[in-house]
Trainee: 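Got a structure for you, questions after.
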Protein chains: 2
Amino acid sequence: MVRTARFSEDDFIQAAMALVAEGGPAAATMQAIARRVGAPTGSIYHRFESRAAVLGTAWNAAYASFTRVLTPLLHQGRPREAALAILPWAMADERRARFLLLHEPVALFEDTPPPAPLREALERLEDEFDAAFRACVAVAGDGASRDEELARAKFLIFDAPVAILRPHLVRGGTLPPFAARMIAELHAGMPLAVTPAHDRHAARGPRPVAVA
Amino acid sequence: MVRTARFSEDDFIQAAMALVAEGGPAAATMQAIARRVGAPTGSIYHRFESRAAVLGTAWNAAYASFTRVLTPLLHQGRPREAALAILPWAMADERRARFLLLHEPVALFEDTPPPAPLREALERLEDEFDAAFRACVAVAGDGASRDEELARAKFLIFDAPVAILRPHLVRGGTLPPFAARMIAELHAGMPLAVTPAHDRHAARGPRPVAVA
DNA sequence: TGGTAATTAGAATGCACGTTTTAGAATGTG
DNA sequence: CACATTCTAAAACGTGCATTCTAATTACCA
């Protein structure tokens, strides 16, 4: 390198996340990202090959940060703690949480999909997350009832907590104390059969892989 | 009228819904809507003043269809039935369900909001829906615990069933039988205090209003 | 101190979109 | 049968976008 960079890769990613969080995918134009960072439009293209690459990198980073919190708890057979861990994760960076949880990826990536390396990295992250769920739930009966157990786990650990969180994420501001209470009550009233510890190792997914 | 129309207002609405359902808001361009209907682009402007008006009309229609099913059950104090009613409503028209439940309105309306009459009609629909929730839940204690009860109700009756439905909506195809089971189990494990019938009339919201 | 590669800087390009315009075709009314 | 009106039809316009291009800066190194 011969000239010190004024703008980092992360500057652009943060700006893109913030713009999507505040105004939806359409608000994250290249010019808006550049303006928010205070850089000329062209500078983005020294770090990212396209808009899809910027959004894809941002998405992968947010997703990885999310699963980094959940995955270990799932592998430890603690679904309740995993579900509750979503709340502090979301409040630690509200914009990132809005970016990841409030927008279907289809709206971000449909028109122009991110470059292959990013897509593959995301697929790996998704596979790891899925494997963690499978490792957590008890193996019981045939394929159909196994699908049901997995669907129950994903609902209890991911979708329901996100649904509880969503109204507050949309509104912004602090999280009311009853959000955690509702998640706890949900897990008490709709218990999940957990894999015994000695089986969990066998079901464990591939080792975590570093993602850009 | 002096010339029979080849394309109806509803043709354009259906096309817009389908395009958003399949490819997100960005896919519903005026040209795409026209192409899908088989009409020239300009014809849309004989029925709608703008793209925002098309999407807004579609949104209001989907929302009204949804609340028409839920609202009466809420006013009858039957939250469990209301929650379960979401499933047949969604399967009756999957595209409409994807359109309404899979996309945050911010992504549809942020850049250009729909014309005032449509915004007002939507606000009325939302107020009615909210009033139905308030009429359903038991009034207990101070403001904070009342907020909590209302949040519980909205989660149990709307957000959680939608979260259970969402993966299958994303994937498409038929709904697995355990979706209804999960909703029933959820309501059994996390019961909701319901307003006694004689109080419900007082809390009832404004009469339903016809929407375009 | 001048060469060089990385970066900033910002204008330029081309394309897709929402919207408008212009022209023509269809249909009920007098 | 003409007229007014409502629609189809398709091209045209202006804007904003992603991306590319050209030039000017910067900082390290020989």
Side-chain angles (χ1 to χ4, degrees), chain A residues 1-20 22-59 107-116 118-119, chain B residues 1-20 22-59 107-116 118-119:
Chain A
M1 247 187 250
V2 277
R3 175 179 178 170
T4 54
R6 286 188 50 197
F7 315 109
S8 72
E9 185 170 310
D10 196 56
D11 288 338
F12 296 115
I13 292 177
Q14 292 302 323
M17 271 194 199
L19 286 163
V20 173
E22 289 161 17
T29 68
M30 291 303 256
Q31 347 240 352
I33 294 169
R35 198 176 324 123
R36 195 178 183 104
V37 171
T41 326
S43 285
I44 307 179
Y45 288 88
H46 282 274
R47 331 218 163 250
F48 300 95
E49 69 178 62
S50 66
R51 178 172 181 270
V54 179
L55 294 176
T57 305
W59 184 266
L108 279 171
F109 304 133
E110 183 75 7
D111 38 355
T112 320
L118 287 173
R119 269 187 292 125
Chain B
M1 248 187 249
V2 279
R3 175 179 176 170
T4 54
R6 285 188 52 197
F7 315 108
S8 72
E9 185 169 312
D10 195 56
D11 287 339
F12 295 115
I13 291 178
Q14 292 301 324
M17 271 194 199
L19 286 164
V20 173
E22 289 162 17
T29 68
M30 292 302 256
Q31 347 238 350
I33 295 170
R35 198 176 324 125
R36 194 177 183 107
V37 171
T41 324
S43 285
I44 306 178
Y45 288 88
H46 281 274
R47 328 214 166 257
F48 300 95
E49 68 178 64
S50 66
R51 178 173 181 269
V54 179
L55 294 177
T57 306
W59 185 266
L108 278 171
F109 303 133
E110 183 75 6
D111 39 353
T112 320
L118 287 173
R119 270 186 293 125

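In what follows, chains are A, B, ... by sequence order, proteins preceding strands, each numbered from 1.
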Trainee: Using atom CZ of F48(A) as one end and atom P of dA18(D) as the other, report the distance to the nearest whole Å.
Mentor: 15 Å

Trainee: Quick check: do Y45(A) and M30(A) have side-chain heavy atoms less than 4.5 Å from each other?
Mentor: yes

Trainee: L19(B) CG to dC17(C) C1': how many Å, rounded?
Mentor: 14 Å

Trainee: By nearest atom, which of the nucleotides dT19(D), dT8(D), dT8(C) is closest to the M30(A) side chain?
Mentor: dT19(D)

Trainee: Would you confirm whether R47(B), through its side chain, and F7(B), through its main-chain N or O, come within 3.5 Å as a donor-acceptor pair?
Mentor: yes

Trainee: Could you report the tightest heavy-atom contact between P115(B) and A52(B), atom names first, then the distance?
Mentor: CD-C, 4.4 Å

Trainee: Looking at every heavy atom in both D11(B) and V37(B), which two are closest together, and how far apart are they?
Mentor: O-CG2, 3.6 Å

Trainee: Under 4.0 Å between a side-chain N/O of R35(A) and OP1 or OP2 of dG10(C), yes or no?
Mentor: no

Trainee: Evaluate the side-chain proximity of L118(B) to W59(B): yes if any heavy-atom separation is below 4.5 Å, no if none is.
Mentor: no

Trainee: Which atom names give the shortest non-hydrogen contact between V54(B) and A16(B), and what distance separates them?
Mentor: CG1-CB, 3.9 Å

Trainee: Between the main-chain N or O of A28(B) and the side-chain N or O of R51(B), is there a donor-acceptor pair closer than 3.5 Å?
Mentor: yes

Trainee: Give a yes/no answer on whether the side chain of S43(B) brings an N or O atom under 4.0 Å of OP1 or OP2 in dC7(D).
Mentor: no

Trainee: Quick one: E9(A) CD to dA6(C) P, roughly how many Å, whole number?
Mentor: 16 Å

Trainee: Check nucleotides 22-26 of chain D against the protein and report each pair of N or O atoms closer than 3.5 Å, with its distance, or say if there are none.
Mentor:
from, atom 1, to, atom 2, distance (Å)
dT25(D), O2, R3(A), NH1, 2.7

Trainee: Compare all side-chain heavy atoms of E9(A) with those of F48(A) and state whether any distance is below 4.5 angstrom.
Mentor: yes

Trainee: Give the rounded distance in Å between these two atoms: CZ of R47(B) and C1' of dT19(C).
Mentor: 17 Å

Trainee: Expressed in angstrom and rounded to an integer, what is the separation of I44(A) atom CD1 from dC17(D) atom C1'?
Mentor: 12 Å

Trainee: How would DNA chain C look in dot-bracket form, 5' to 3', counting Watson-Crick and G-U wobble pairs with both distances under 3.5 Å and writing | for bases paired to another strand?
Mentor: ||||||||||||||||||||||||||||||

Trainee: Return yes if some donor-acceptor pair links the side-chain N/O of T57(B) with the main-chain N/O of A53(B) below 3.5 Å, else return no.
Mentor: yes

Trainee: I want to confirm an ordering. Mapping Q31(A) and P40(A) to their closest nucleotides on DNA chain C, which one lands closer to the 5' end?
Mentor: P40(A)

Trainee: For I33(A) and dT19(D), what is the distance between atoms CD1 and P respectively, to the nearest whole Å?
Mentor: 10 Å

Trainee: Which nucleotide in the set dA9(D), dT19(D), dT7(C) lies at the smallest distance from any side-chain heavy atom of A5(A)?
Mentor: dT7(C)

Trainee: Taking the minimum atom-to-atom distance to the side chain of F7(A), which one of dA9(D), dA9(C), dG18(C) wins?
Mentor: dA9(C)

Trainee: In whole angstrom, give the distance that lies between atom OH of Y45(B) and atom C1' of dA9(D).
Mentor: 16 Å

Trainee: Please report the distance, rounded to the nearest Å, between CG in D111(A) and P in dC17(D).
Mentor: 14 Å

Trainee: Could you check whether S50(A) gets within reach of a base, just the sugar-phosphate, or nothing at all, counting any heavy atom under 4.0 Å?
Mentor: sugar-phosphate

Trainee: Is the distance from OP1 or OP2 of dA9(C) to the nearest side-chain N or O of R6(A) less than 4.0 Å?
Mentor: yes

Trainee: Do F109(B) and R119(B) have side-chain heavy atoms sitting under 4.5 Å apart?
Mentor: no

